[in-house]
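Below, each value reflects all heavy atoms present in this structure, side chains not excepted, and no hydrogens, waters or symmetry copies. To find a chain, count down the sequence lines: A is the first, B the second, and so on, and within it residues start at 1. Quantities reported herein were computed from a predicted structural model and do not represent experimental measurements.
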Protein chains: 2
Amino acid sequence: MARAVQKRTLETRARLIAAAEGVIAEVGYEAMRVEEVVLRAGVAKGTFFAHFRDKEALLELLIGARIDTELDRIEALPAPADIPAIVRALMPLVAVMISERYVFDLILRYSGAAGVAEIGPIAQTFARTDQVLGEWLARGPFRRDVTPALLSSGVQAFLIHVIALHFCALHQKQTLQEMLMELLQAWLLPGGRIKN
Amino acid sequence: MARAVQKRTLETRARLIAAAEGVIAEVGYEAMRVEEVVLRAGVAKGTFFAHFRDKEALLELLIGARIDTELDRIEALPAPADIPAIVRALMPLVAVMISERYVFDLILRYSGAAGVAEIGPIAQTFARTDQVLGEWLARGPFRRDVTPALLSSGVQAFLIHVIALHFCALHQKQTLQEMLMELLQAWLLPGGRIKN
DNA sequence: ATTTAATATTGACCACGGTCAATTATTTCC
DNA sequence: GGAAATAATTGACCGTGGTCAATATTAAAT
């Protein structure tokens, strides 16, 4: 039978997370150094890797938590009445994802779980986004010729797309919001009216 | 006035590229080591970085070339008559992108140029994909209530989306082709018919 | 209380990408 | 042809993420 987790273990883990949050608050996600984190936490380097598979596993945890907070908020929202309402609801989530180019890269890299057994925090938020958006959109006045699941899948694709364009020097005629609005309009209300 | 490039320089560069291609053919993109490449090319490590900004700049070059080959092919194709024709045309491009998870990550990471002055090979292929797809789709029997540019932008977003799902253990009820087909159907022919 | 087994921590060590002052090769100019 | 200027190459060195055998701590068994 498995033994209970030691109190010491939880304390160490908490100290590592707190130290990492401190470092990130000062220098950002990309510039965070494991050496700096263990120094502040007062543990040896090896301890870090006893608690987290690698550096990015910890970052994934922290970023996943921030995304989850946004999904909680969206989930509690009333049904969206139109496209601008959707865009307004999504922007805080977008803000998290574009806070740093590195954060977006990391989100993309970890969005797909390699195996069912190891679905990480970010992969989980993607699955949850799909579900949350699906239910939310189904309550709004949008096209019904396709399933809500397909609709939310497309919205997710467009979200990623406009963020990628945001980081691209080439497409700067429109703002991120404008591009998202245009795509969602064409996706959710093709022909400018509700389809059945 | 700028001097002409030395013959020696071109030879060294060619040897580095050939060596890298050899290594990649054996172990793949992710496992390619700079040390192994310079060993085979018979140059010092520093020489590598005199020719390429960093390791990924070389990988970007090689992968960009492969993508460009696919775009050449698509560009030469007759106008697509229906959705399956589009999917068929895009699959070889998809094959390049999913050849390795690392390749897809790298493509995403380099798809956006940080500054206009430094648009890398992969960012260029993205701009070109937009243009090639736009012209190609405009010739097909698809919705006309939105601009061809918006249409191709959406297709690109869905391409990335289904590849991301392909690498995700969660969504394996459908094949990549089936998902792409379903999304493109809903995007290019909403309501199952052509809109004006 | 002591032994034993499981778990957590340590830090020297390694791998690998990337840097840069020094050296060597090439081109230009007289 | 030789000197000066420019360009290419070298390899010792560094930073940082990650490993692992040894050690220390904690909990369970007697």
Side-chain angles (χ1 to χ4, degrees), chain A residues 1-20 23-24 26-63 100 102-103 105-106 109-110 114 118 120, chain B residues 1-20 22-24 26-63 102-103 105-106 109-110 114 118 120:
Chain A
M1 168 185 158
R3 285 189 186 186
V5 186
Q6 297 179 14
K7 185 163 50 120
R8 182 177 55 152
T9 309
L10 295 176
E11 285 168 358
T12 304
R13 189 186 161 90
R15 279 220 310 287
L16 280 168
I17 290 177
V23 174
I24 289 165
E26 286 174 28
V27 302
Y29 288 89
E30 179 154 31
M32 182 264 245
R33 295 283 164 267
V34 173
E35 308 241 20
E36 181 63 26
V37 172
V38 295
L39 187 76
R40 294 200 194 187
V43 298
K45 203 173 182 180
T47 302
F48 183 97
F49 296 98
H51 284 263
F52 309 101
R53 184 170 30 75
D54 54 26
K55 179 187 167 181
E56 296 200 334
L58 171 57
L59 297 181
E60 208 198 337
L61 200 74
L62 299 178
I63 293 170
E100 241 178 88
Y102 176 71
V103 169
D105 288 341
L106 209 141
R109 195 134 33 86
Y110 285 87
E118 39 125 341
Chain B
M1 166 185 157
R3 285 190 186 185
V5 186
Q6 295 180 14
K7 186 163 50 115
R8 182 177 55 150
T9 309
L10 295 176
E11 287 168 357
T12 304
R13 189 185 161 90
R15 279 220 309 287
L16 281 168
I17 290 177
V23 174
I24 290 164
E26 287 173 28
V27 303
Y29 288 89
E30 180 153 32
M32 184 266 249
R33 296 282 164 265
V34 174
E35 309 239 20
E36 180 64 25
V37 171
V38 295
L39 187 75
R40 293 200 195 188
V43 298
K45 203 174 182 179
T47 302
F48 183 98
F49 296 97
H51 285 264
F52 308 101
R53 184 173 27 77
D54 53 27
K55 179 188 167 179
E56 295 199 335
L58 172 57
L59 296 181
E60 207 197 337
L61 200 74
L62 298 179
I63 294 170
Y102 177 71
V103 169
D105 288 341
L106 209 141
R109 193 135 32 88
Y110 284 87
E118 39 124 339

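Contact annotation for Thr47(B): base contact, defined as any heavy-atom pair under 4.0 Å involving a base atom.
For residues 9-19 of chain B, the set of pairs meeting the side chain to side chain donor-acceptor pair (under 3.5 Å) definition, not counting sequence neighbours, is empty. The stretch residues 49-62 of chain B participates, sequence neighbours left out, in these salt bridge (charged side-chain N to carboxylate O under 4.0 Å, His left out) pairs: Glu56(B)-Arg109(B).
For Asp105(A), the salt bridge (charged side-chain N to carboxylate O under 4.0 Å, His left out) partners at least two apart in sequence or on another chain are Arg101(A). Every residue two or more places apart in sequence or in another chain was checked for a salt bridge (charged side-chain N to carboxylate O under 4.0 Å, His left out) with Glu30(B), and none qualifies. Applying the ring-ring contact (aromatic ring centres under 6.0 Å, His included) criterion to Phe48(A), with sequence neighbours excluded, gives Phe52(A).
The Thr12(B) side chain lies nearest to dT9(D) when the options are dT27(C), dT25(D), dT9(D). Which of dG11(D), dA8(C), dA8(D) sits closest to the side chain of Thr9(A) comes down to dA8(C). Each of dT9(C), dT7(C), dT26(C) was ranked by its minimum atom distance to the side chain of Gln6(A); first place goes to dT7(C). Distance from the side chain of Phe49(B) is smallest for dT19(C) among the nucleotides dT19(C), dT9(D), dT10(C).
Rounded to whole Å, atom P of dA6(C) lies 23 Å from atom NZ of Lys7(A). One interatomic measurement links the two molecules: CG of Leu59(A) to C1' of dG17(D), which rounds to 12 Å at whole-angstrom precision. Rounded to an integer number of Å, the gap from Leu16(A) CG to dA8(C) C1' is 12 Å. When the C1' atom of dG17(C) is taken as reference, atom CZ of Arg53(B) falls 13 Å away, rounded to whole Å. As rounded to whole Å, 12 Å separates atom P of dG11(C) from atom CG of Leu39(A). Following rounding to the nearest Å, Leu58(A) (CG) and dG18(D) (C1') show an atom-to-atom distance of 15 Å. One atom, CD of Glu30(A), and another, C1' of dG17(D), lie 14 Å apart when rounded to the nearest Å. We find that CZ of Arg15(A) is positioned 15 Å from P of dA8(C), with the value rounded to whole Å.
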Listing time: all N or O pairs from protein to nucleotides 14-16 of chain D that are below 3.5 Å?
residue, atom, partner, partner atom, Å
dT16(D), OP1, Arg33(A), NE, 3.2

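The distance from atom CD of Glu36(B) to atom CD of Glu26(B), rounded to the nearest 0.5 Å, is 7.5 Å. How far CG of Leu16(B) is from CG of Leu58(B): 8.0 Å, rounded to the nearest 0.5 Å.
Between Val5(B) and Gly42(A), the residue anchored closer to the 5' end of DNA chain C is Gly42(A), taking for each the nucleotide with the nearest heavy atom. Nearer to the 5' terminus of DNA chain C, by closest-nucleotide assignment, is the contact made by Ala44(A) (compared with the other of Gly46(B) and Ala44(A)).
Within the structure, a side-chain polar atom (N or O) of His51(B) is placed less than 4.0 Å from OP1 or OP2 of dT9(D).
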